[in-house]
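These notes are about the structure you will find just below.
As the structure lists them, so they are numbered: ligands from 1, and atoms in each ligand from 1. Residue numbers run from 1 in the order of the sequence given.
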Amino acid sequence: MTERLLRYFRDKQQDIQSEKTYDTQCPFCSMQCKMQLVEQTIVTRKKYTAIGIDNPTTQGRLCMKGMNAHQHALNSSRITRPLLKKNGEFMPVSWEEALKHIKDQVTMIQQEYGHDAMAVYGSASITNEEAYLLGKFARVGLQTKYIDYNGRLCMSAAATAANQTFGADRGLTNPLSDIPHTRVIILAGTNIAECQPTIMPYFEKAKENGAYIIAIDPRETATTKIADLHLKIKPGTDAALANALVKIMIDEQLVNEDFIRSRTNGFAELKQHTDALSLNDISEQTSVPLAHMRKAAVKFAKETSGMLFTARGIEQQTDGTAAVKGFLNMVLITGKIGKPYSGYGAITGQGNGQGAREHGQKADQLPGYRSIENEEHRSHIAKVWGIHQDDLPRKGVSAYEMMEKINDGDIKGLFLMCSNPAVSSPNANLVKKALRKLTFFVAIDLFISETAKYADVILPASSYLEDEGTMTNVEGRVTLREASRPCPGEAKHDWQIICEIASALGKGRYFSYTSAEDIFNELREASRGGIADYSGITYDRLRHEGGIHWPCPEPDHPGTERLFTDSFAHPDQKAALSVIPNEPAVPKEKPTADYPLYLTTGRVMSHYLTGVQTRKSAALTARHFESFMEIHPQTAASFHIEDRVLVKIESPRGSITVRSKLSEQIRKDTVFVPIHWADAQNVNDLIGEALDPACKMPGFKVCAVRIRPI
Ligand SMILES: Nc1nc2c(c(=O)[nH]1)N[C@H]1C(S)=C(S)[C@@H](COP(=O)(O)OP(=O)(O)OC[C@H]3O[C@@H](n4cnc5c(=O)[nH]c(N)nc54)[C@H](O)[C@@H]3O)O[C@H]1N2
Ligand SMILES: Nc1nc2c(c(=O)[nH]1)N[C@H]1C(S)=C(S)[C@@H](COP(=O)(O)OP(=O)(O)OC[C@H]3O[C@@H](n4cnc5c(=O)[nH]c(N)nc54)[C@H](O)[C@@H]3O)O[C@H]1N2
Ligand code: SF4
Ligand SMILES: [Mo]
């Protein structure tokens with residue numbers, strides 16, 4: 001370094017008058033990277049820098065979203081006081097006034113229309129404590145059966161498939177540290193390089209060690225670049241592809257007969273089913289060449305170890321559950337699970353996508369992954385909650401179905417915590433219409449999101465920098481995120497807000513917690529003996545051990561890194577093989593003369609979900625400030641569309657306007673639009689309302705569209 005540069009840096013150092021550090025965890029994806037926010041005061045200006053902190057999952061790595069997350073948390077557009085809509089305008093009011101208004105409206109609605117006229121819509125971006133409490137609030141505070149959450153749009157197909165196949169659902173059956181040592185990897189509909197960037201070194205190391213990587217995606221992405229074989233599949237046909245791979249393994253006697261006999265049920269039916277299938281038909285249906293299918297099947301079956309990863313590309317389909325089960329057939333018939341370096345992972349989406357799906361935000365679920373329709377489970381939870389079992393509501397309906405019930409007038413009031421369904425729900429135009437019809441709507445958020453605009457009351461919540469609690473990461477590892485900064489203005493933690501509303505409604509005795517840890521200790525009891533058993537985990541242990549994998553049933557239990565080593569979680573301890581149809585039970589839209597192209601949707605690295613948070617960050621917005629449509633140059637030419645021009649995309653549901661981005665990386669019959677923008681660029685104005693009958697996942701990844709330049 002030159003003398004001049006050195007002097008410059010020394011002067012800069014001297015400008016720093018004080019420095020504070022805040023240890024935290026990234027609020028975005030399921031990697032839950034640990035980090036430190038450094039606040040430096042330079043003369044009168046504050047400068048913030050985020051740096052990674054070592055931890056067992058990501059070893060101190062951060063991606064661009066983590067590095068810039070503080071930009072939304074510290075943004076001046078944060079709401080810091082309760083807002084009440086008066087004559088169409090939001091006015092700041094006191095908490096007392098907001099809570100009294102909530103009490104009056106909820107009481108009025110429930111007296112007139114019954115308890116189930118109120119609904120709750122939760123999130124997998126809140127802590128375990130808050131997810132647990134929101135479920136309790138719906139069932140005990142409001143006594144409504146209507147609660148569901150944004151995880152329905154995210155992890156529900158993988159969760160249902162794992163529950164049906166293994167009897168338990170934890171995203172990864174193995175620790176990430178197995179990946180570098182496995183011999184073959186299948187990445188089915190996952191773009192980890194952009195969506196969980198800090199996971200990549202595990203896969204890069206595997207490749208260095210000689211692993212063969214197979215990616216399945218209609219597009220070439222930063223993830224498919226690491227693959228040895230890329231199956232550029234026709235959107236929505238993954239279930240058929242899985243059948244073909246299974247058929248090849250069976251036909252060529254590449255299966256593990258011992259494992260099939262001792263650890264699974266249903267092989268005879270599966271074989272009978274695949275015997276009747278034609279590989280040529282499937283090759284035509286999926287557009288994957290036969291030779292590529294064979295290469296993938298033989299490689300996966302023959303190697304001594306192998307791992308399968310799925311994500312939303314195959315799951316966000318109206319046959320998402322079936323597609324995942326189809327791929328799990330492959331893992332089971334080759335015996336590649338329950339041992340080191342072999343296993344399955346549904347790459348979790350949101351920061352607490354794992355934990356928030358275990359503790360009772362789902363319409364049919366009670367804490368600890370219990371079922372709300374099971375009498376023993378009801379009895380256990382009623383005891384922990386101090387209520388009579390008969391007072392526990394029964395199961396409600398899924399996230400999008402709640403929107404339909406609002407539209408039909410069955411649900412009159414809504415509490416929304418930490419989600420933006422006017423942008424993230426399928427058939428978003430119906431959702432917006434429904435939200436307008438609500439008699440009373442409370443949104444709890446950091447900002448006035450596109451959905452919160454429809455609310456009668458917006459309550460200011462705390463961000464990841466301010467709120468303490470546990471999050472369960474991609475590995476099923478429970479981690480503790482400590483609070484680091486005070487809440488801005490009058491904002492409160494989500495758990496405090498739930499308790500105050502419950503108290504206003506006269507249910508305070510069930511919600512008298514003094515801290516997040518207090519709630520966690522009740523969650524431990526509620527989860528005791530359940531599938532997702534957290535009872536042996538304490539804040540103290542999390543502080544000292546840096547995270548614990550569930551199940552952890554005793555205070556001296558080390559946690560469970562690897563699942564299914566000796567048995568699966570079904571009563572007979574075996575895994576269930578499934579017969580999967582090539583064509584979905586609910587037909588998917590296919591291109592027609594009117595709507596000649598497939599549309600698929602997904603993410604870019606620099607933005608997160610509906611973009612409410614990342615669009616506040618100058619650094620992230622600089623990477624992508626508007627939406628786009630990825631399209632093959634030949635397809636673009638046939639529609640007279642040039643590069644970087646505005647294009648109208650229409651489906652039978654609606655239309656959006658985005659900029660074209662010509663790219664040879666996408667199939668010629670498909671266009672791709674990311675999900676991070678709202679209003680005229682909200683891709684969900686195009687997506688249909690059909691749901692997977694098994695798990696109620698929307699078909700976010702396929703619809704038919706037409707396009708034209710503007
Ligand atoms: N940068 C960033 N990271 C994120 C998020 C974010 O918004 N931004 N969100 C987080 C959340 S909540 C989630 S759920 C995850 C999502 O993580 P992913 O599921 O990996 O992300 P997506 O981009 O939705 O979809 C993955 C891939 O599926 C492909 N695909 C589309 N249709 C099909 C199909 O029919 N078959 C197959 N095989 N593939 C298909 C797409 O081309 C895409 O490359 O990411 C998490 N991480
Ligand atoms: N077409 C299409 N649609 C999709 C998908 C797709 O791939 N394609 N993916 C789906 C998936 S996987 C998901 S996960 C959903 C997610 O969709 P949403 O749930 O709508 O996701 P976010 O954009 O994260 O919305 C979070 C909201 O909560 C606020 N918030 C952030 N932190 C906090 C907090 O601590 N407390 C409170 N109270 N509020 C907070 C944010 O400001 C924001 O308004 O979208 C789904 N929609
Ligand atoms: S977005 Fe995900 S990978 Fe990136 S820093 Fe945050 S938690 Fe880590
Ligand atoms: Mo998600």
Knowing that exactly one of T165, T310, N174 qualifies, which makes a side-chain hydrogen bond (donor to acceptor under 3.5 Å, both in side chains) with Y344?
T310
What orientation do H72 and Y464 show, parallel under 30°, tilted 30 to 60°, or perpendicular over 60°?
tilted
What protein N, O or S atoms come within a distance below 2.8 Å of atom 8 (Fe) of ligand 3, ordered by chain and number?
C33 SG
Evaluate the ring planes of H607 and W677, with Trp represented by its six-membered ring, and classify them as parallel (under 30°), tilted (30 to 60°) or perpendicular (over 60°).
perpendicular
Side-chain donor/acceptor of D669 to backbone N/O of L597, under 3.5 Å
no
Identify, with sequence neighbours excluded, every residue that meets side chain to side chain contact (heavy atoms under 4.5 Å, CB included) alongside T318.
V586, K588, A690
Value for CE (M155) from CG (D169), rounded to nearest 0.5 Å, stands at 7.0 Å
Strictly below 4.0 Å, N to O, side chains only: are E626 and R659 in salt-bridge contact?
yes
State which residues pass side chain to side chain contact (heavy atoms under 4.5 Å, CB included) with A461; sequence neighbours excluded, sorted by chain then number.
I444, L446, D494, I497
Within the heavy-atom cut-off of under 4.0 Å, ligand 1 is lined by C29, K65, C154, G189, T190, N191, E194, C195, Q196, I216, D217, P218, R219, T221, I233, P235, G236, D238, A311, R312, G313, I314, Q317, G349, Q350, T600, G602, R603, V604, M605, H607, Y608, L609, H676, K701
What orientation do H70 and Y48 show, parallel under 30°, tilted 30 to 60°, or perpendicular over 60°?
tilted
